[in-house]
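Order of appearance sets the numbers: ligands from 1, and atoms from 1 within every ligand. Counting from 1, the numbers follow the sequence of the chain as shown.
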Amino acid sequence: MRTQVGIIGAGPAGLTLSLLLRRLGIESILIENRSRQYVEARIRAGVLEHWAAALYDELGVGARMRKEGLVHEGIEIGINGERRRIDFKSLVNKDIIVYGQHEVVKDLIQAQLAQGAPIEFEVSDTSVHGLDSDKPTIRFKKNEESHEIACDFIAGCDGFHGICRPSIPAGVLTEYERIYPFGWLGILSESTPPSHELIYSHHERGFALYSMRSPTITRAYLQCDPAEDASRWSDEEIWAELKRRLGPDGDKILKTGRVFEKGVTAMRSFVTEPMQYGRLFLAGDAAHIVPPTGAKGMNLATADVLFLSRALEAFYKKGSKEEIEGYTKRCLSRIWKAQRFSYFMTTMLHLDPTASDFDRKRQIAELDYYTSSEAAARSLAENYVGLPI
Ligand code: APR
Ligand code: PHB
């Protein structure tokens, strides 16, 4: 097999890249080690920045998102039971769309198949070779048969646990990381969300987030120990804690329902630099992770591949290497701002078990400031809806 760009991984990064390249007339082959059913059912976050939603429209995959996605013009922030609204519309005149990442993945795969773009699911033993040559290759197995793809470039969109980042020779990459002393116990439930917008609630018992997948499906999270075993929590205990952390009216406004998904996510911030080696380019979670508090993961992955597609366009259309050489720099400028914002939201909202009394007083002042000063609220809103791309 031979192609221009070999793409590894059918998450939001790999799938969006394939469609972006196709629109530019650049060929690609995408391989994924899981099944189509698996990637379409994988539950992740679901907030689309303003520009990312517009990009899906441009790529012709926005129809279901526009119909079923929920447009939010603000969020609420809880401070020990008192809730204050950050109004995106009046502060920055933009909104966001709440639409599950797996729904985005379904729409992208459907478009991929409809356009006849090559995609292979359930491959195994993926490896990359000749990265520092101008003819790198991808090897993999499918149904016990070995295959090789000769490429001009390889896009490593294979997530945090993929094989691309570890294939870069030792000493090339510098990794920056912060592990947080808390995780999120998340549930999906058949119940009406407590508000039509997201509520990020700081509480002296710990953080809680009240989100949704639809007007009848609640997605909610409780701050917990990162090593917590989700099965130790009964549904009743989860609902009682979610009510407490919402505030004095929690009992009244939080509707309970059948819980059909429960799990714990640990939280980390991670960046690798550079994001490229020879003809291999990393994008999305393969290169960076953000804690979910700022809802930036899928948006950052989408931004990386947009920059990569522009760089490859310059290479193929103008013969220019400058843009592909500048790929890391272009991405990192956005990534570090998203890291800063995700860190800020995470540390402002969670209860740090190691915090001193001074830290706690400062934290409450920070929450008060960002929810009462128009200038501060505008900064939060500008980052939440997505910085200009
Ligand atoms: N060969 C082929 N595919 C692989 C391999 C491999 N060796 N290793 C991993 N993959 C696949 C995974 O199965 C997954 O489908 O790569 C894909 C990576 O997708 P994501 O993890 O969704 O990463 P990305 O596309 O960068 O999207 C980032 O996902 O984790 C969330 O919060 C994150 O929202 C963000 C988004
Ligand atoms: C979600 O709905 O899963 C969600 C929303 C906002 C976040 C994180 C997760 O910041």
Check: How far is atom 9 (C) of ligand 1 from its nearest protein heavy atom, and which residue and atom is that?
Finding: Asp158 O, 3.2 Å
Margin query: Can you tell me if His161 contacts ligand 1 (heavy atom of the residue under 4.0 Å from the ligand)?
Written below: no
Note to self: I need the nearest protein heavy-atom contact for atom 28 (C) of ligand 1: residue, atom name and distance, please.
What the structure shows: Asp285 OD1, 3.3 Å
Checklist line | atom 13 (O) of ligand 1: the protein heavy-atom neighbour that sits closest, reported with distance to 0.1 Å | finding: Glu32 OE2, 2.7 Å
Next item on the list: Can you pull out the closest protein heavy atom to atom 1 (N) of ligand 1? Residue, atom name and distance to 0.1 Å, please.
Entry: Thr126 OG1, 3.0 Å
Note to self: Please output the residues near ligand 2 using a strict heavy-atom distance under 4.0 Å, listed in chain and residue-number order.
What the structure shows: Ala45, Val47, Trp184, Leu198, Tyr200, Leu209, Ser211, Arg213, Arg219, Tyr221, Pro292, Thr293, Ala295
Next item on the list: Would you mind checking if Glu145 and Lys142 are paired as a salt bridge, meaning a charged N to carboxylate O distance below 4.0 Å?
Entry: no
Next item on the list: For Phe160, enumerate each residue passing the ring pair (Phe, Tyr, Trp, His ring centres under 6.0 Å) test, keeping only those at least two apart in sequence or located in another chain.
Entry: Phe270
Next item on the list: Could you check Lys106 against Glu68 for salt bridge (Lys or Arg N to Asp or Glu O under 4.0 Å), going step by step and ending with a plain yes or no?
Entry: CA-CA 13 Å; Lys106 279 189 214 164; Glu68 296 173 18; over 6 Å; no
Check: Nearest protein heavy atom to atom 25 (O) of ligand 1, by residue and atom, and its distance?
Finding: Ala13 N, 2.9 Å
Next item on the list: Give a yes-or-no answer on whether the side chains of Asn299 and Thr302 include a donor-acceptor pair shorter than 3.5 Å.
Entry: no
Checklist line | Atoms of ligand 1, numbered as shown, that sit under 4.0 Å from any heavy atom of Ile163 | finding: 7 (N)
Next item on the list: Find all atoms of ligand 1 within a distance of less than 4.0 Å from any non-hydrogen atom belonging to Arg42, and give their numbers and elements.
Entry: 12 (C), 13 (O), 14 (C), 15 (O)
Next item on the list: May I ask whether Leu387 and Val305 are part of the same hydrophobic cluster, defined by side-chain heavy atoms of I, L, V, M, F, W, Y residues being less than 4.5 angstrom apart, directly or through others?
Entry: no
Item checked: The single option from Asp304, Leu280, Leu308 passing side-chain contact (heavy atoms from CB on, under 4.5 Å) against Met275 -> Asp304
Notebook entry, point to check: Any idea which protein heavy atom is nearest atom 20 (P) of ligand 1, and the distance to it?
Noted result: Arg44 NH1, 3.6 Å
Check: Considering only the protein, which heavy-atom contact is closest to atom 34 (O) of ligand 1, and what is its distance?
Finding: Gln101 OE1, 2.5 Å
Checklist line | Atom indices of ligand 1 within 4.0 angstrom of Arg34 heavy atoms, with elements | finding: 13 (O)
Check: Which residue supplies the protein heavy atom nearest to atom 19 (O) of ligand 1, what is that atom called, and how far is it?
Finding: Gly11 CA, 3.4 Å
Checklist line | ligand 1 atoms in contact with Val39 (distance to a heavy atom under 4.0 Å) | finding: 15 (O)
Next item on the list: State the OG-CD distance between Ser320 and Glu325, to the nearest 0.5 angstrom.
Entry: 8.0 Å
Notebook entry, point to check: Does ligand 1 have any atom that is closer than 4.0 Å to a heavy atom of Pro12?
Noted result: yes
Item checked: Contact (N/O only, under 3.5 Å) between Met298 and ligand 1 -> yes
Next item on the list: Could you grab the distance from atom CG of Asp368 to atom CZ of Arg84, nearest 0.5 Å is fine?
Entry: 4.5 Å
Next item on the list: Compute whether any side-chain donor of one residue and acceptor of the other, for His350 and Trp184, lie under 3.5 angstrom apart.
Entry: yes
Item checked: Value rounded to 0.5 Å, distance of CD1 in Ile29 from CD1 in Ile8 -> 11.5 Å
Checklist line | Linked, directly or transitively: Leu59 and Val105 (ILVMFWY side chains, under 4.5 Å) | finding: yes
Margin query: Check for me whether the distance between the ring centres of Phe207 and Phe182 falls short of 6.0 Å.
Written below: no
Notebook entry, point to check: Going by distance alone, is a donor N or O of one side chain under 3.5 Å from an acceptor N or O of the other, for Ser269 and Tyr176?
Noted result: no
Margin query: For a quick check under 3.5 Å, do Tyr56 and Tyr99 share a side-chain donor-acceptor pair by atom type?
Written below: no
Next item on the list: Run down the list Ile8, Thr302, Asn33 and name the one with the heavy atom closest to atom 5 (C) of ligand 1.
Entry: Asn33
Notebook entry, point to check: Which of these, Cys157, Gly156, Ser127, Ala10, has its nearest heavy atom closest to atom 18 (C) of ligand 1?
Noted result: Cys157
Check: At what distance, to the nearest 0.5 angstrom, does OG of Ser195 lie from OH of Tyr210?
Finding: 11.5 Å
Notebook entry, point to check: Are Leu48 and Leu17 connected, step by step, through hydrophobic side chains (Ile, Leu, Val, Met, Phe, Trp, Tyr) whose heavy atoms are closer than 4.5 Å?
Noted result: yes
Next item on the list: With heavy atoms of Gly284 as the reference, note each atom of ligand 1 found under 4.0 Å away.
Entry: 26 (O)
Next item on the list: List every atom of ligand 1 that sits less than 4.0 Å from any heavy atom of Gly162, numbering the atoms from 1 in the order shown and giving each element.
Entry: 8 (N)
Notebook entry, point to check: Against heavy atoms of Gly9, which atoms of ligand 1 measure under 4.0 Å?
Noted result: 3 (N), 11 (C), 16 (O), 17 (C)
